[in-house]
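All values derive from a computational prediction rather than experimental measurement. In what follows, chains are A, B, ... by sequence order, proteins preceding strands, each numbered from 1.
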Amino acid sequence: MNGITVIAGRELRSFFVMPVAYVVLTLFALLSGFFFLSKLLDFNFTLMQLQNNLAFDPRAADQLLLWNLNDALITPYLASLLSILLFLVPGVTMGLFSSEKANGTDELLLTSPLPISSIVLGKYLAVVVLVSLLVGMAALFPCLLFLYGDPAPDLGLVLSGLLGLYLVGLLYASVGLFASSLTHNQIIAFFLAFVLCLGLLLLELGVGDSARGLGGVVAYLSLVEHFDNLLRGVVDTGDLGYFFVMIGSFLLLSKASVESVRWR
Amino acid sequence: MIEAKQLSKRFGDRLAVDQLSFSIERGEVVGFLGPNGAGKTTTMRMLTGFTPPSSGKVIVGGHDLFEEPAAARRLVGYLPETPPLYPEMTVAGYLRFVARIQGLPKRDCAEAVDRAMERCGLKEQRRRIIGDLSKGYRQRVGIAQAIVHSPPVLILDEPTVGLDPAQISDIRDLIADLSSAREGELQHAVILSTHILPEVEAICRRIIMIQEGTKRLDRPLDELKAEGQTLQMLFAREIVGEQVPSAGQGGAA
């Protein structure tokens, strides 16, 4: 347990010295701010249009009733962040193991008394902290809506959407950790993680209409299926289970991959 | 203190190390000699548990390296061929990290780090970034990380390769210093791999010579000197297979 925090502490410090962390946090702040602002302006524009139409279009009143912050702003905003994480998280994780191999420091870690599971979990914990910062930052913009929005958005929906985003970030992190353990080249680790994460997103396309047999398996593996539920405010243990199972699997794969150095 | 029992390592069809056995006690500095590709690095990696042997055992301080890895690994300090350094860390920060992962409790770390820096002449460099250090200082940091947790066994893989003559002599003095007794400190058992013969003559008391993964020679250096053999001649005879005229017999008297 001690070893995990020692590894995580070193990794985090190096994120901030390198300075991967600042780059990632800045990019995320800029992009999420941009997405939020554009969706907000969009929302306002449509709102004003509907209000102007009230006088002569009888359907505008119904549309106005349906036009709310939850569906028209929060949901698309959080969904757009999914694609930002797709780029940023592999950028954070690409060096986790590959730079150790390139530096020769893997010999230090693997000949230390620490069990491999502590090394893997320590590195993962460091990324978890960074992903938490990112999601915390993503939560700032919806907070503005609670201050100034009238009526304020649905708190439950915002929280479950943020939880979904967080879980996706954690899943990407475990995929990136695994990708990094496979190679000593950071660029390869980045693209490998990117392609794997993208694959989890694109599985959605293969689901089709019938969720039976193989289609059912693909549907279960598809990240979007589970994220969408959370985005709509539905917190289902099945969806949470999906994320835990996937994250656990990639952590185990990472451990096996690091250990495999010893089999060869 | 550390014992290799019939260590073998096979990479595919190639037998890199073949049935190698030896044991080394505290206070001994053993020169591990052989030409490039003889299996020195592979043997050292097996002794430290980085590479598992295909067969055979390593016992460190009574613990089997593969059955009680944590207990055995704590007793070993290791400087690989390339020092395992994080270029973005400071010298002191890095050594503190190594002390922690080697299992030292937090409260003992500051003292251990100070002692290691003192011994390796790094006091002035404690706040410097490792990436900015010269090669000689980086090598010192590499040795400091190997001794920071005061392991009874030290395994150094070509510690002076690529250094200038002044740095080489510094590092040799340091190694000689580590194996000699000090007040309140235990002697280390040191294994040093190299293919630089004068280095061995300068600091080692015993040599183990290997070629193509098999042991060719394992004797104290004094004995060899008394017989009038030089390492140069031995190396030529054992490894290259040359017939050196009157190598041993003539000088024995």
Review item, side-chain donor-acceptor pairs of residues 94-103 of chain B, under 3.5 Å, at least two apart:
from, atom 1, to, atom 2, distance (Å)
Tyr94(B), OH, Pro84(B), O, 2.5

**Prompt:** Got a second to check how far Leu25(A)'s CG is from Phe16(A)'s CZ, nearest 0.5 Å?
**Reply:** 6.0 Å
**Asked** Counting a contact as any heavy-atom pair under 4.5 Å apart, which residues of residues 165-174 of chain A contact chain B?
**Response** none
**Request:** Name all residues meeting the salt bridge (charged side-chain N to carboxylate O under 4.0 Å, His left out) criterion together with Glu81(B); count only those two or more places apart in sequence or in a different chain, and write none if there are none.
**Result:** none
**Asked** Any donor and acceptor pair, going by atom type alone, linking the side chain of Lys5(B) with main-chain N or O of Val58(B) inside 3.5 Å?
**Response** no
**Asked** Is Arg206(B) salt-bridged to Glu25(B), cutoff N-O under 4.0 Å?
**Response** no
**Contact winner vs chain A - Glu88(B), Arg74(B), Arg45(B), Lys106(B), heavy-atom pairs under 4.5 Å** = Glu88(B)
**Request:** Grab the two heavy atoms, one from Gly164(A) and one from Phe227(A), that are nearest each other, plus how far apart they are.
**Result:** C-CE1, 3.5 Å
**Prompt:** Between Tyr77(A) and Phe36(A), does the ring centre distance come in under 6.0 Å?
**Reply:** yes
**Message:** Looking at Phe11(B), I'd like to know if the NZ or CZ of Lys9(B) sits under 6.0 Å from its six-membered ring centre while staying within 45 degrees of the ring's axis.
**Reply:** yes
**Prompt:** Is the closest basic N to carboxylate O distance between Asp18(B) and Lys215(B) below 4.0 Å?
**Reply:** no
**Message:** Quick check against the 3.5 Å criterion: does Asp64(B) have a side-chain atom that pairs as donor or acceptor with the backbone of Phe66(B)?
**Reply:** yes
**Prompt:** Which residues, numbered in order, of residues 135-160 of chain B come under 4.5 angstrom of chain A by heavy-atom distance?
**Reply:** Gln145(B)
